[in-house]
Amino acid sequence: MSVLSTGLGQRLVSASTEAAAFTELPVISLARLNGSAEDRKALAAEIQEACISSGFFYISDHGVPQQVIDDAFGQAKKFFAQPMDKKMLVDLHKGTSFKGYAGLKGENVDPANRGDVHEAWDMGDDSQLMKEGAGSGNLWPPAEDLPDFRPTLQHAWDEIMALGKRLLPIFSLALGLDEHYFDEKTRNPGSVMRILHYPPQFGPVDLREIGIGAHTDYEIITLLLQHGDVQALQVLNSQGEWVQAPPKPGTFVLNLGDMMQRISNGLFKSTVHRAINRTGQDRMSLPFFFGLDYDALVEVLPTCVTAERPPAYEPIKAGDYVQQRLSETYVKAPPTESATAPAA
Ligand SMILES: O=C(O)CCC(=O)C(=O)O
Ligand SMILES: [Fe+2]
């Protein structure tokens, strides 16, 4: 039994609560985000429960307009439908920040696997990327090819970044902290947004070659949009069972990343997940990885330490941590295989 002393009162976290094997993911409405102090505390308590038991849940009433989401996927579809030579104009190997295009098997998140069966385009915050010396900036497709791509994706970035910033005070409460705890650490958060295309995999699928291999995310929270009605995402529970996380209209999937697990001393779970697209249809998704400022220290919070639960992680700078994890993920050479255009 361990104790999490939080602003919600002391919370007992029994071994069985932590080890509970979830079989589906809860949907948490954010309607109370704009409510009274009591409403916000109640929302924080619900989120705390989900963070301890699964680290994975849906959020509804999130305030990001559906049009912004539809437009982003519309541009993603156009981007991936381009011929390979156009996509290679923004090959991420041209820069040093892991931003731009990665083709099929251009990444491998699970070292036991042979490459992830998706293609992706990743972006960060241009000014931040350059300023912190973290490498080069974004690689935008030329406006002659895709005139609406940049403004549309930037708009989606701004909306989802704002959602993340609305959520952090609630996570602070759930961690037993002042609502403003993350303000100092998220002035220019080193976040990443990506669009992903998973072509369908037919017949028997070799589990070493799937859409995205089993992994955890690196940052504080991930806000994931799934396009259409194409099931592929799976989340690992404590019994080693894969639980489906199907798209649910009007929601994001919210999952915790390794930085959250580190600062919460392992109480909040950064849960293993993967995606396999066996539906016969193309799938697209759009994750936004909400990070901390590159120079912010990722260190265990005193509210999550007890005599029985001493700090389990060393402090590390957020930028160093993400850069190290990314460099382990991307394969060194540019992609060689081409993907067919998404029909989704
Ligand atoms: O596409 C998905 O559903 C999951 C993507 C993901 O896990 C990632 O990019 O880290
Ligand atoms: Fe992930």
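Worth saying up front: this structure is predicted, and the values here are computed from it rather than measured. We count ligands from 1, going down the list as the structure has it; atoms in each ligand are counted the same way.
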Q) Can Arg274 be said to touch ligand 1, with heavy atoms closer than 4.0 Å? A) no
Q) Is Arg114 salt-bridged to Asp206, going by a charged N under 4.0 Å from an acidic O? A) yes
Q: Go through ligand 1 atom by atom and flag the ones less than 4.0 Å from a non-hydrogen atom of His215.
A: 6 (C), 7 (O), 8 (C), 10 (O)
Q: Taking all non-hydrogen atoms of both residues into account, name the closest pair between Glu209 and Gln201 and its distance.
A: O-NE2, 2.8 Å
Q: Answer side chain, backbone, both or neither: which part of Leu196 comes under 4.0 Å from ligand 1, heavy atoms only.
A: side chain
Q: Just jot down the ligand 1 atoms closer than 4.0 angstrom to any heavy atom of Pro287, in number order.
A: 9 (O)
Q. How about His215 and His273: are their ring centroids closer than 6.0 Å?
A. yes
Q) Mind checking whether His118 has a heavy atom under 4.0 Å from ligand 1? A) no
**Q.** Among Phe80, Tyr101, Phe149, ring pair (Phe, Tyr, Trp, His ring centres under 6.0 Å) partner for Trp121
**A.** Phe149
Q. Is it the case that Arg262 places NZ or CZ above or below the six-membered ring of Phe268, under 6.0 angstrom from the centre and within 45 degrees of the axis?
A. no
Q | Atoms in ligand 1 flagged as close to His273, the criterion being non-hydrogen separation under 4.0 Å | A | 7 (O)
Q) Which of the atoms in ligand 1, numbered in the order shown and given with their element, are less than 4.0 Å from a heavy-atom of Tyr198? A) 1 (O), 2 (C), 4 (C), 5 (C)
Q) Any idea which N/O/S atom from Asp217 gets closest to the Fe ion (ligand 2)? A) OD1
Q) What heavy-atom pair brings Arg40 and Pro169 nearest, and what distance separates the two atoms? A) NH2-CB, 3.6 Å
Q) Taking Asp217 for the side chain and Glu219 for the main chain, is one N or O donor matched with an acceptor at less than 3.5 Å? A) no
(Q) Just verifying a value: how many Å separate Asp258 CG and Ile220 CD1, rounded to the nearest 0.5 Å? (A) 10.0 Å
Q: Would you mind checking which non-hydrogen protein atom is closest to atom 3 (O) of ligand 1, with the distance to 0.1 Å?
A: Arg283 NH2, 2.8 Å
Q | Gln226-ligand 1 polar pair, N/O distance under 3.5 Å | A | no
Q. Among protein heavy atoms, which lies nearest atom 9 (O) of ligand 1, and at what distance?
A. Arg194 NH1, 3.3 Å
Q | Proximal atoms of ligand 1 relative to Asp217 (non-hydrogen, under 4.0 Å) | A | 10 (O)
Q | Stepwise side chain to side chain donor-acceptor pair (under 3.5 Å) test for Asp158 and His155 | A | CA-CA 5 Å; Asp158 293 343; His155 192 177; over 6 Å; no
Q. Relative to the heavy atoms of Ile212, which atoms of ligand 1 are at a distance of less than 4.0 Å?
A. 6 (C), 8 (C), 9 (O)
Q) Are Arg194 and Asp122 within salt-bridge range, i.e. N to O under 4.0 Å? A) yes
Q.
Within the 4.0 Å heavy-atom shell around Phe289, which atoms of ligand 1 are there?
A. 8 (C), 9 (O), 10 (O)
Q: Find all atoms of ligand 1 within a distance of less than 4.0 Å from any non-hydrogen atom belonging to Ser285, and give their numbers and elements.
A: 1 (O), 2 (C)
